[in-house]
Structures are given as structure tokens and as C-alpha cells.
There are 2 protein chains.
Amino acid sequence: MSIEKLKDRYLLISKYNTAAALLQWDFETHMPKKAADKRADVIGEISTKAFELSVSDEIGELIKEAEKENLNEIEKAIIKVGKKEYEKFKKIPPELFKEFNIETAKAQSSWEEAKNKNDFNIFKPHLEKVVELTKKMADYLSYKENRYDALLDLYEPGLTTAELKKIINPLKKFLVDYLKKLDNGKKPISIMKGYFPVEKQKELSLKALKLMKYDFDAGRMDISMHPFTTTIGFNDVRITTRYNENDLNDSLYSTIHEGGHALYEQGIPEEFYGLPIGDGASMAIHESQSRFWENIIGRSLEFWKYFYNDLIEIFPEFKEYTPEDIFKAVNLVERSFIRTEADEVTYNLHIMLRFEIEEALINDNIEVKDLPEIWNKKMKEYLGIIPENDSEGVLQDVHWAHGSFGYFPSYMLGNLYSAQFYYKMKKDIPDLNTKISHGNLHPALIWLRENIHSKGKIYEPVELVKIVTGESLNPEYFINYIENKYNMVYEL
Amino acid sequence: MSIEKLKDRYLLISKYNTAAALLQWDFETHMPKKAADKRADVIGEISTKAFELSVSDEIGELIKEAEKENLNEIEKAIIKVGKKEYEKFKKIPPELFKEFNIETAKAQSSWEEAKNKNDFNIFKPHLEKVVELTKKMADYLSYKENRYDALLDLYEPGLTTAELKKIINPLKKFLVDYLKKLDNGKKPISIMKGYFPVEKQKELSLKALKLMKYDFDAGRMDISMHPFTTTIGFNDVRITTRYNENDLNDSLYSTIHEGGHALYEQGIPEEFYGLPIGDGASMAIHESQSRFWENIIGRSLEFWKYFYNDLIEIFPEFKEYTPEDIFKAVNLVERSFIRTEADEVTYNLHIMLRFEIEEALINDNIEVKDLPEIWNKKMKEYLGIIPENDSEGVLQDVHWAHGSFGYFPSYMLGNLYSAQFYYKMKKDIPDLNTKISHGNLHPALIWLRENIHSKGKIYEPVELVKIVTGESLNPEYFINYIENKYNMVYEL
């Protein structure tokens with residue numbers, strides 16, 4: 001049976017992916033510093049090997065033969081997803097891939113330097129090169145209406161730029177207006193700053209992960225500069241966090257966020273492992289899981305009604321506050337410069353700004369040299385503030401240096417999906433919030449496992465959201481969620 | 001130039017070796033337990049890939065072409081070592097290799113079970129299979145006089161079984177007699193047992209490693225069940241240790257031992273990295289380094305004269321003892337069953353017993369079924385004691401399950417080399433012991449770097465010991481070292 005041979009082939013590739021993921025994880029968590037130089041080459045070699053195997057003629061042949069066989073539903077999904085990916089990446093000439101990898105590596109170094117020295121000009125020529133190569137890639141990948149569609153499809157399969165714009169427009173209007181409305185509300189007091197020893201923060205983070213039922217026998221938590229989740233292999237989904245001794249939010253919410261990603265990966269069925277369907281449905285669906293746990297659960301009043309006791313056990317200084325105080329404090333809204341530090345209300349505006357810039361760049365409507373100016377103009381328009389320097393502005397994110405154009409919308413879409421899923425979850429579990437306030441988060445996890453995790457990558461996100469919630473992605477759920485929550489936080 | 005292409009090819013292989021080494025390190029130190037099953041397959045795949053590349057026709061062709069080129073001394077050494085290894089492994093049919101890997105994996109599981117259940121019969125059929133395959137391997141590898149020569153050469157290139165026996169015979173006689181002599185000496189009091197919290201033991205171990213000048217920017221220390229050293233890549237030489245809360249010797253001397261291996265690897269020149277010469281000269285030379293630091297330095301009176309202050313800073317309870325007391329306590333000699341716990345005097349007897357058994361097995365002079373009986377008979381003869389069960393006897397070591405016949409002598413040879421190197425080192429550095437007693441171990445490291453580490457695998461051990469000490473391996477140095485030291489310890 002070709003389908004069996006094909007599966008074996010995918011499992012072989014997954015072994016190289018395991019090696020590459022572990023090499024990368026180690027690079028960011030444990031590797032001695034002098035080993036960095038040579039390590040990058042090793043990761044490159046092993047990743048390239050995995051990529052070559054995945055676009056080999058052999059895979060193509062096996063897909064073609066297996067298609068003719070009598071397949072069950074799971075197998076049909078393997079072929080559907082596998083074929084789409086194979087055909088997509090097969091279209092890109094290997095030399096272009098190689099050049100892209102070399103240039104993005106250079107761009108990343110120059111971005112680091114530019115950010116440190118606060119000098120966009122250092123990054124500019126490299127970014128121009130990356131944009132040029134990305135456009136070439138998009139042309140090879142092909143698209144109907146908008147060159148950006150080809151890139152968006154890499155991260156959010158099935159979604160077009162036109163559809164995305166239709167989602168963004170009402171949302172942008174709402175957020176800009178609502179932000180102004182909050183100015184008239186009662187701003188929560190900031191109580192999460194102070195001195196919090198790392199060991200105690202770690203204890204708190206681990207308590208949160210245990211409450212979420214993250215499986216520590218199939219994962220672990222380490223420290224890295226930027227928190228991330230990585231699936232090394234089946235039953236091996238690791239997260240990282242970071243500690244800021246002066247800010248309790250940073251590690252706790254990084255941990256819960258990554259824990260959300262990890263629960264998704266830990267919930268993908270064993271029989272999907274290593275196969276094209278053995279992954280999250282998309283970057284945005286993945287982000288919906290992390291944001292669900294981080295924001296919808298972790299920043300809810302119900303969560304703090306329960307978790308308050310864990311908090312004061314470890315940090316008794318919080319006894320002077322109520323669970324409500326903490327709930328409000330962790331939901332402070334601020335017009336700020338840095339996306340990764342943004343709250344739920346402003347976060348999507350940061351994303352819209354990036355999306356609009358990158359979509360225009362890819363379609364030759366603006367030029368790289370004009371980016372700092374455009375960035376600042378949009379910051380003024382959406383958030384009412386202008387960064388003092390490019391390091392806090394256009395240089396803040398690594399994504400463009402990586403050539404990851406089309407990725408940013410995933411963050412926003414994740415927020416929207418999470419609110420829509422939450423609405424349906426509450427319908428299915430009427431006493432969900434009561435349960436959360438008693439520290440019982442399990443019904444939420446079971447619902448996610450059943451409706452989302454167990455489906456792996458079988459469905460494109462557009463289909464999945466319809467299957468799960470009965471309708472297409474609708475930003476109204478997010479808008480309602482924000483209004484309900486922040487009217488409470490700001491006592492409006 | 002073919003030599004350049006050949007070097008590139010070796011560097012490519014080294015990348016797969018890095019991946020495999022990291023996967024294995026992670027397996028033993030950090031991996032979540034549920035991931036074990038799938039991980040073994042990944043390690044198998046990546047290691048096999050590295051092996052296939054190393055015996056590929058392409059390597060053979062490049063060696064043949066490069067040999068004709070105008071090479072410098074280093075390049076000649078690369079060819080010499082590379083060619084020997086290529087030809088050796090090329091002789092073994094790939095199917096035999098595969099079968100060997102499968103059967104040794106099975107043998108290892110059965111060994112674990114047999115050891116746990118104290119039942120040699122569980123292991124017996126698997127060991128018989130492994131012995132049969134090992135004999136086939138040896139026949140493919142070829143030899144002149146003794147089938148065991150082919151296996152010995154895998155670990156100690158250039159040494160024959162006949163030569164080894166010539167070394168063993170006088171040494172065995174000395175050790176058996178000397179052990180009886182010690183019975184009339186003054187046995188040191190045991191003071192290294194008690195309660196020692198892990199964190200404090202770790203602090204002590206790290207102090208020892210720092211004193212040795214182990215480079216923590218090019219390595220790290222973790223915990224594993226069995227301590228080991230692994231070279232993940234250039235500037236990435238990691239060690240592991242283990243902690244026994246009731247025994248201070250275990251972690252401290254495991255750490256120093258592995259630190260000795262690691263100093264060797266950290267001292268191999270960068271330009272050798274990834275090439276056939278970028279390795280230790282042999283297993284025994286490697287062991288000479290670990291044993292030098294563990295025993296000759298770490299168990300010396302001079303070391304304790306200095307390290308005593310570090311010890312009592314961390315464990316003040318040792319203030320009631322003198323450095324001399326500790327020196328004696330860490331050199332307690334005991335007739336015991338377990339090789340890995342054996343002292344310097346009895347250790348080599350444990351090895352001789354194993355060597356004699358495996359040499360006889362490989363040459364069909366004894367049968368697997370008779371192993372427990374022969375083991376116990378030899379234990380009685382050499383050490384005067386008989387284990388109560390096979391778990392403490394013939395089943396104690398994993399080596400035979402791995403099919404690592406020919407490896408055991410390395411441990412003994414390492415002890416002998418270390419004493420011979422030490423003799424020469426003292427001649428070259430007359431005030432060596434004074435320096436050690438002041439905590440200055442650096443002259444010893446510099447000497448090892450210059451004479452041994454910097455030479456990588458350019459020379460076979462037989463040549464190396466002549467170059468370094470001016471004569472062939474001579475057990476008299478070890479005999480003198482033992483007599484001098486233990487006459488002092490036992491006040492003879």
C-alpha cells in the first residue's frame with residue numbers, strides 16, 4: 001500500500017524534525033555560549049535535510065499512488081494536507097530557498113545590530129533584499145488576486161487578504177473608539193510591580209501549569225530569552241518562560257500563554273504524530289489556544305477568585321489586595337509602543353498596523369525606506385502615540401528579518417478565534433465560569449480537546465471554526481468580549 | 001583538492017554526530033519520561049545516517065584521491081586515521097551491522113530485566129546471540145593471531161592481546177599480593193558517609209571543576225543516572241554527575257572523573273574538530289585523563305591540603321578531621337563486588353577478570369552458560385570474595401549487552417597510562433606536588449594539553465606513550481604509584 005509507505009516516509013522526516021527542534025531548543029535554553037557558531041550550521045544541515053526529504057520526488061510519487069487507493073477519512077486528510085504542502089513547496093526553486101535562508105540569516109544579524117544601535121539604515125538594505133526574495137517566493141507560490149494571499153496562506157490556509165480586511169475594518173474602528181472611551185473610565189492601580197524572587201515566580205508558574213493540566217511527563221519548562229513552545233516529538237512538548245524580578249506578570253502570563261500552545265500540541269492524537277495532520281490547524285488557531293488560556297482564562301475574575309490563594313501563599317504581600325484588585329491590575333490598558341507587552345484592547349491595533357505595512361510592501365505600494373515614517377504615522381493614528389526611536393518602533397520585531405511576512409495577522413486572528421470559541425464553550429458548559437472560580441479548568445480543556453485539539457490539522461481554520469461554532473470567523477464575539485470585560489475593569 | 005572535499009565531508013558527518021549526541025544527552029538528562037519510546041528511534045535514524053555517510057563510497061574515493069596529493073603532516077594524519085577507520089567499517093556487511101544493532105538493543109532490555117530479577121537465564125540467550133554476532137564482526141574485521149585482537153583494536157588501536165597479557169601478568173600478581181599486605185596495614189576510618197544535601201554537593205563539585213579549569217562557557221554539568229561526558233560539538237563538551245545524599249564521594253569523584261574526560265576533549269585543537277583526528281587517541285588514553293584527575297590528583301594528599309578549605313566551608317562538619325584524615329578516607333581499599341565502586345588497588349583486578357572471560361568467550365574457549373560460575377571462581381581467586389547473586393556479579397555491567405567486547409581493558413590501561421604520564425610530568429615539573437598543595441593545578445593541565453590533548457588522535461596510543469614518556473607502556477609506574485601511595489595510607 002502506498003499510503004503506508006507514505007506514512008513511513010513522513011515518520012522518517014519527523015525524526016529529522018525532532019533532531020532539528022531539539023538542537024534549536026538546546027540553542028535557546030542550555031547550550032554553552034561558545035558553541036553558538038557551529039550550532040547554527042548543524043541546525044541548518046538537519047533542517048535542510050528534513051525539507052529535502054519533504055519535497056523529494058518519492059513523496060510526490062507516493063501521494064499520487066496513494067490517492068488512487070481505498071482510503072479512510074484520516075488517510076484522505078493526510079493526502080489532502082500533505083499534497084497541498086508538497087505542491088506548495090515544490091514550486092519554489094531550491095536555489096531561491098537557499099538564498100532566502102542565507103539572506104534572512106544575514107538580515108537577522110543586521111536587525112539585531114540596528115535595534116541595538118537604534119539605526120534603521122543598518123537593517124534597510126537587508127530588509128530590502130528579504131522583501132525582494134519574499135515577493136519572488138510569493139510569485140512562485142502563486143495567488144489569484146493579491147500577492148499577499150500567497151504568504152497569508154502559509155500561516156492561515158484558506159484565508160484571503162480581502163477577507164482579512166473585511167474582518168479588520170469594523171474591529172479597527174471599534175478598538176480606536178473604545179480606547180478613547182476607556183480614558184474616561186477608572187484606571188486600575190498597578191500592583192504587579194515590585195520585587196519577586198525567581199524561585200518563587202517559578203513556583204507560581206508551575207502551579208498555573210498544573211492547574212491547566214499541562215502534562216509534565218510529556219514536557220518540561222525551561223528558561224529562554226524569548227518564551228516559546230516547541231514540539232520535540234510525540235509526548236515531548238516543551239515550553240520556556242523568562243523571569244523579570246520586578247514584574248510578576250511577565251513570567252506568569254508567558255507561562256500560561258506557552259502552556260496554552262503546549263496543551264494544543266499535547267492534545268493532538270498519537271496516530272496523527274509525524275504526519276501532515278499531526279499539527280495545529282494554523283498559526284492563528286494555535287494562537288487562539290495560547291490566548292484563550294492567557295487572557296480569557298488567566299486574566300478573568302473567575303480565575304483570580306481561585307488562584308488568589310495560590311498567589312498569597314507564595315507572595316503574602318498581596319494579602320492587602322482582593323482578587324478583584326488583581327483581576328483589574330492584570331487588565332490594565334495602556335497605549336504603549338511594544339506589541340509583546342500590549343494588553344488585549346490595544347494588541348490587535350499593533351497587528352493591524354503591521355499587516356497594513358507588510359501588505360503594502362509586498363504589493364509594491366510602499367518602499368522599505370519609508371517604513372519608519374509610515375510606522376510612526378500609523379502609531380499616532382491608532383494608538384495616539386509616537387515612539388521616540390525606531391528600536392521601540394519599526395525595529396521592535398524580528399519577523400520581517402526572518403522573512404515571515406504574512407505571519408502577524410495570526411496573532412490577531414488568534415484573539416478573535418479564542419473569543420468565538422469561548423462563546424460556544426460557555427453555551428456548551430453553562431456553569432463554566434463557576435467551575436473556573438473553583439479552580440476547575442478541566443471542563444475547558446476537555447472542550448478544547450474534543451472540539452479542536454483532537455482534530456489536528458485535518459481541517460483548514462476556515463472550516464474548523466464553522467464546524468466548532470457553526471459560523472465563520474466573526475469579530476463581533478471578540479468585540480463583545482472586550483466590552484463586557486473592560487467595562488467591568490474600568491467601571492464604565 | 002580532494003583533501004578539502006574530504007574535510008568538508010567529515011564536517012558534514014560531524015553535524016549528524018552533533019545531533020545524535022544531543023539527542024542522547026537529552027535522553028539521559030532532560031527528556032520527559034513519556035518521550036522515551038519514540039526518542040530511541042530518532043537516535044537510531046540519525047546515528048545510522050552518520051554511519052552511512054562515513055562508510056559511503058564517496059569518502060573512500062576522496063581518501064584514495066587525497067592520498068596522491070601534496071599533503072602537510074596534519075592532512076597525512078587525517079588520511080591515515082580516516083583510511084584505517086573507513087576500511088575497518090567497510091569490511092562489515094551493512095546487514096550484519098543492522099542485526100548487531102537490533103540484537104544489542106534487545107540484549108540491553110533483557111540485561112536490565114535479568115539484573116533486576118537477578119536471573120542470568122533471562123539474559124543468557126541474548127548474550128549468546130550477541131557473542132555470536134561479535135565473533136562474526138571480528139572475523140570480518142580480521143586479525144592475525146587472536147580473534148580478540150580485532151575487537152581490542154576497536155578501542156585500543158595497535159595493541160594486541162598477547163601484549164596485553166604481558167602487561168597483565170606481573171600486575172595481577174602484584175595486586176593480589178599487595179591486597180593481602182594491606183590487610184596488615186592500618187585501615188582508614190570511613191568519614192565520607194553521612195547526610196550531604198544535593199545543593200551543597202553540587203557547589204563542591206563545581207568548585208572542583210573550576211579548580212581544574214574546566215571551561216563552563218564550552219560545556220555544562222547536568223545530572224544523569226550514570227555519569228558521562230559527551231562532546232556535542234566544538235566548544236560543547238558536557239558532563240553529568242549524580243548525587244547520593246548519603247555519600248560525598250559519589251558526586252565529587254564522578255564529577256572530577258568526567259571533568260578529566262572533558263578537559264581532554266576541550267583541549268583538542270579547533271582545526272581538528274569533526275575530522276578523524278579530532279578525537280582522543282583511544283579509549284584508554286581517554287581513561288588515563290579521567291583517572292589522572294580523579295585519582296592521581298583528586299585522591300592525593302596534596303589536593304586535600306588545598307581543597308580541605310573548600311570542603312569545610314561547605315560542610316563544616318569536616319572540621320573535626322585533618323586533610324590527612326580525608327586523604328586516607330577517600331583511599332579506603334575494600335574487597336568489593338562492584339567494579340564502578342572499586343578503589344585504585346582492586347579496580348584492575350575487576351578488569352582482568354572481565355578481560356579473561358571475554359577473551360575466552362570470543363575464542364570459543366568457554367560458553368555463555370558457564371559465565372556465572374567462572375565469574376565467581378575468579379572473584380574468589382583475585383579478590384577473595386564471592387558475590388551472593390549474579391546481579392552483583394556477572395550481571396553488573398552493561399558492556400556485554402552492548403556488544404562492547406574489547407572495551408574493558410581500556411579502563412585498566414587508562415590507570416596504567418595515567419601513572420606513567422604522571423611520572424614524566426613530575427620529572428618535567430619538579431615542584432608539581434607543591435603547586436597542587438597550593439591549589440594550582442594549572443601546570444598539570446598545561447602539561448597534558450601540550451603532550452596529549454593537543455595531539456588529538458594523530459598517534460595511536462602505542463606511539464603516543466613513547467613520544468610522551470620515551471618508553472612503551474610499562475605497568476611498573478602504576479605499581480610504584482600504588483605502593484608509594486597506599487603504604488602511606490595504610491601506614492606500612
Side-chain angles (χ1 to χ4, degrees), chain A residues 8-9 11-27 29-50 53 199 214-222 230-240 262 265-266 270 273-274 278, chain B residues 8-9 11-27 29-50 53 199 214-222 230-240 262 265-266 270 273-274 278:
Chain A
D8 283 348
R9 205 70 198 158
L11 289 177
L12 175 72
I13 297 169
S14 80
K15 290 174 186 167
Y16 287 86
N17 286 330
T18 286
L22 185 68
L23 287 158
Q24 184 67 39
W25 169 84
D26 183 71
F27 185 92
T29 56
H30 289 76
M31 190 186 63
K33 65 180 182 187
K34 288 185 186 169
D37 274 6
K38 293 240 174 10
R39 174 62 63 86
D41 288 346
V42 179
I43 297 172
E45 171 62 33
I46 305 290
S47 309
T48 303
K49 181 77 196 168
L53 287 169
E199 271 311 308
Y214 170 78
D215 183 353
F216 282 94
D217 289 336
R220 46 179 291 126
M221 182 172 81
D222 296 275
T230 180
T231 296
I232 307 286
F234 180 70
N235 269 337
D236 193 354
V237 181
R238 305 183 188 189
I239 67 167
T240 69
E265 295 282 322
Q266 286 185 338
E270 177 165 8
Y273 176 71
Chain B
D8 284 348
R9 204 72 197 157
L11 289 178
L12 175 71
I13 298 168
S14 80
K15 290 173 187 166
Y16 288 86
N17 286 328
T18 286
L22 186 69
L23 287 158
Q24 184 67 39
W25 169 84
D26 184 70
F27 185 92
T29 56
H30 289 74
M31 191 186 65
K33 64 180 183 188
K34 288 184 185 171
D37 274 6
K38 292 238 175 5
R39 175 61 63 85
D41 288 346
V42 179
I43 297 173
E45 170 61 33
I46 305 288
S47 308
T48 303
K49 180 78 194 164
L53 286 168
E199 273 312 306
Y214 170 77
D215 184 353
F216 281 93
D217 289 335
R220 48 178 289 126
M221 182 174 80
D222 295 275
T230 178
T231 296
I232 307 285
F234 180 69
N235 270 337
D236 194 353
V237 181
R238 306 183 186 188
I239 67 168
T240 69
E265 294 283 322
Q266 286 186 336
E270 178 166 8
Y273 175 72

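Remember, predicted model here, so these are calculated numbers, not experimental data. In what follows, every chain begins at residue 1, and chains take the letters A, B, ... in the order their sequences are listed.
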Distance (rounded to the nearest 0.5 Å) between A:D236 CG and B:M31 CE: 7.0 Å
Look up atom NE2 in B:H30 and atom NE2 in A:H30, then write down how far apart they are to the nearest 0.5 Å.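 With rounding to 0.5 Å, NE2 (B:H30) is 3.0 Å from NE2 (A:H30).
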Locate the shortest heavy-atom distance separating B:P32 from A:G219; write the atom from each residue and the value.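 Closest heavy-atom pair between B:P32 and A:G219: CB-N, 3.3 Å.
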Let me see the working for A:T18 and B:I46 under side-chain contact (heavy atoms from CB on, under 4.5 Å), right down to the final yes or no. CA-CA 10 Å; A:T18 286; B:I46 305 288; over 6 Å; no
Would you indicate whether the side-chain heavy atoms of B:N235 and A:K38 approach each other to under 4.5 Å? no
Evaluation steps, side-chain contact (heavy atoms from CB on, under 4.5 Å), between B:R39 and A:L22: CA-CA 11 Å; B:R39 175 61 63 85; A:L22 185 68; 4.1 Å; yes
Under 4.5 Å from any heavy atom of chain A - which part of B:L11: neither
Honestly, the part of B:L12 sitting under 4.5 Å from a heavy atom of chain A is side chain
B:D26 and A:R220 ion-paired at < 4.0 Å: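 Not counted as a salt bridge, because no side-chain N and carboxylate O are separated by less than 4.0 Å.
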In terms of side-chain geometry, is the basic nitrogen of B:K34 or A:D215 positioned less than 4.0 Å from the acidic oxygen of its partner?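 Yes, this pair counts.
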Among A:F234, A:W25, A:F216, A:Y16, which residue has the highest count of heavy-atom pairs closer than 4.5 Å to chain B?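 Result: the option with the highest number of such pairs is A:Y16.
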If you count the non-hydrogen atoms of other residues, nucleotides and ligands that lie under 6.0 Å from CG in A:D37, is the total more than 12?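 No, not enclosed.
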